[in-house]
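Structure record follows, encoded as structure tokens.
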Amino acid sequence: EKAISRAMELNPRDSKVLIEYSRINCNLGNHAISIESARKALELDPVSVYANHWLGHALYFSRHYEEAIDVFRQTLELDPHYPKPHYFISMSYVWMGEFESALEEIRHEPLAWMRLTASSLILHRLGRHAEADADFDELVRLGLEDDVSCQQAGIFAQVGKIDLAIERLRRAFELGDQGLTQLKINQFFDPLRDDPRFVDLLEKVGFAT
């Protein structure tokens with residue numbers, strides 16, 4: 001936080017610096033600052049696919065889902081093959097309760113770990129538990145090569161398996177999983193926020209509580 005704030009002082013009109021400033025403020029839960037910085041970055045570089053994507057990212061984690069969807073659609077107009085927007089559009093629909101739209105959208109996501117994470121939860125919400133379990137099992141198999149402990153934890157949290165969610169997050173901490181940088185803001189972890197074990201983990205990662 002100190003380093004990127006200093007970079008902002010030195011070069012406040014560099015879109016990459018603004019995005020990194022937006023990123024750390026997003027992870028810290030400073031959403032108004034995050035969105036403002038992301039908008040400035042996009043103004044400076046309006047045809048940047050990454051700047052478009054990042055504004056959508058900041059809006060998504062601040063829970064401005066309808067606007068996030070619009071921005072991610074713009075990202076895909078710039079680059080139809082860009083990974084991640086379909087996931088974030090799909091998950092925006094999930095948190096809005098529009099599960100059929102979410103399922104249709106996630107089928108287009110090229111990143112397997114994102115596609116399987118979302119589809120496992122969506123299918124569970126739709127009552128299609130056998131299919132949900134199959135996608136979760138595939139996600140677990142994927143984790144043998146590329147750890148997806150945070151994603152597994154999120155799904156466990158959302159389906160009410162709190163102890164398993166905490167266990168997976170502890171594993172993620174041991175492995176240094178980058179997904180823990182979103183521990184404070186990730187919607188998947190909302191069911192865990194009052195659990196003392198989760199609060200302890202926040203402190204271990206370095207988030208003030």
Side-chain angles (χ1 to χ4, degrees), residues 26-27 29 31 34-35 52-77 79-143 146-169 172 177 179-180 182-195 198:
C26 181
N27 288 345
H31 295 300
S34 177
I35 292 170
N52 272 269
H53 165 80
W54 182 259
L55 175 57
H57 191 280
L59 289 164
Y60 169 83
F61 281 111
S62 68
R63 310 188 182 211
H64 290 78
Y65 298 123
E66 292 185 356
E67 188 177 0
I69 289 171
D70 289 341
V71 172
F72 283 123
R73 295 284 187 211
Q74 293 169 19
T75 305
L76 291 169
E77 287 179 11
D79 183 353
H81 304 292
Y82 195 74
K84 298 186 180 181
H86 288 296
Y87 168 84
F88 284 111
I89 293 170
S90 176
M91 290 310 304
S92 293
Y93 283 133
V94 168
W95 309 129
M96 293 164 65
E98 300 178 22
F99 303 120
E100 292 289 355
S101 296
L103 185 61
E104 175 58 32
E105 189 69 36
I106 200 59
R107 290 175 175 146
H108 303 288
E109 174 53 52
L111 294 178
W113 66 270
M114 283 189 149
R115 188 174 62 252
L116 292 166
T117 299
S119 62
S120 179
L121 178 59
I122 295 163
L123 290 164
H124 186 274
R125 289 283 192 268
L126 289 169
R128 295 161 60 173
H129 299 297
E131 294 170 82
D133 290 345
D135 280 2
F136 184 81
D137 289 344
E138 184 63 26
L139 180 67
V140 171
R141 284 193 290 272
L142 186 66
D146 184 13
D147 187 68
V148 288
S149 293
C150 278
Q151 288 72 32
Q152 293 175 43
I155 294 169
F156 280 137
Q158 286 294 316
V159 301
K161 298 180 180 180
I162 304 302
D163 290 343
L164 285 173
I166 295 295
E167 183 273 326
R168 288 296 192 280
L169 284 177
D177 192 323
L180 294 176
Q182 297 173 349
L183 201 61
K184 195 170 183 177
I185 58 170
N186 193 329
Q187 293 90 330
F188 271 94
F189 303 138
D190 283 356
L192 307 177
R193 301 209 179 274
D194 293 330
D195 192 303
F198 184 80

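- For the residue pair V148 and W113, the shortest heavy atom distance occurs at CG1-CB, 4.0 Å.
- Within the structure, every pair that satisfies the salt bridge (Lys or Arg N to Asp or Glu O under 4.0 Å) test and touches residues 87-106, not counting sequence neighbours, is listed here: R73-E105, E104-R107.
- For F72 and H53, the distance between ring centers is under 6.0 angstrom.
- For the residue pair V71 and N52, the shortest heavy atom distance occurs at CG1-O, 3.2 Å.
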Go through the steps for R128 and D135 under the test salt bridge (Lys or Arg N to Asp or Glu O under 4.0 Å), then give the verdict. CA-CA 11 Å; R128 295 161 60 173; D135 280 2; over 6 Å; no

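- In this structure, CZ in F198 is found 10.5 Å from NZ in K184, a value given to the nearest 0.5 Å.
- Across all non-hydrogen atoms, the minimal contact from H31 to C26 is CE1-O, 3.8 Å.
- Counting only heavy atoms from C-beta outward, the side chains of I69 and M96 approach each other to under 4.5 Å.
- Across all non-hydrogen atoms, the minimal contact from A172 to S149 is CB-CB, 3.9 Å.
- Heavy-atom minimum distance, I185 versus R193: C-NH2, 3.8 Å.
- Looking only at distances, a side-chain donor or acceptor of S119 sits under 3.5 Å from a matching main-chain atom of R115.
- In this view, R125 satisfies the salt bridge (charged side-chain N to carboxylate O under 4.0 Å, His left out) rule with no residue, not counting sequence neighbours.
- A distance-only check finds a donor-acceptor pair linking the side chain of E109 to the backbone of Y87 [under 3.5 Å].
- Panel note: side chain S92, backbone F88; a donor-acceptor pair is recorded below 3.5 Å.
- In this structure, the side chains of F99 and Y93 stay at 4.5 Å or more apart for every pair of heavy atoms.
- The distance from the CG atom of L123 to the NE2 atom of H129 is 10.0 Å, given to the nearest 0.5 Å.
- Relative ring orientation between W95 and F188 is described as perpendicular, the plane-to-plane angle rising above 60° on a 0-90° scale split at 30° and 60°.
- Nearest heavy-atom pair, F136 versus S120, reported as atom, atom and distance to 0.1 Å: CB-OG, 3.5 Å.
- Taking the charged nitrogens against the carboxylate oxygens, D147 and R168 have no contact shorter than 4.0 Å, which rules out a salt bridge.
- By the salt bridge (charged side-chain N to carboxylate O under 4.0 Å, His left out) test, D133 is found to be paired with no residue, residues two or more places apart in sequence or in another chain being considered.
- To the nearest 0.5 angstrom, I89 atom CD1 is 5.0 Å from L76 atom CG.
- To the nearest 0.5 angstrom, Q187 atom CD is 9.0 Å from Q182 atom CD.
- With values rounded to the nearest 0.5 angstrom, L142 atom CG is found 8.5 Å from T117 atom OG1.
- The line from CZ of F189 to CD1 of I166 is 9.5 Å long, rounded to the nearest 0.5 Å.
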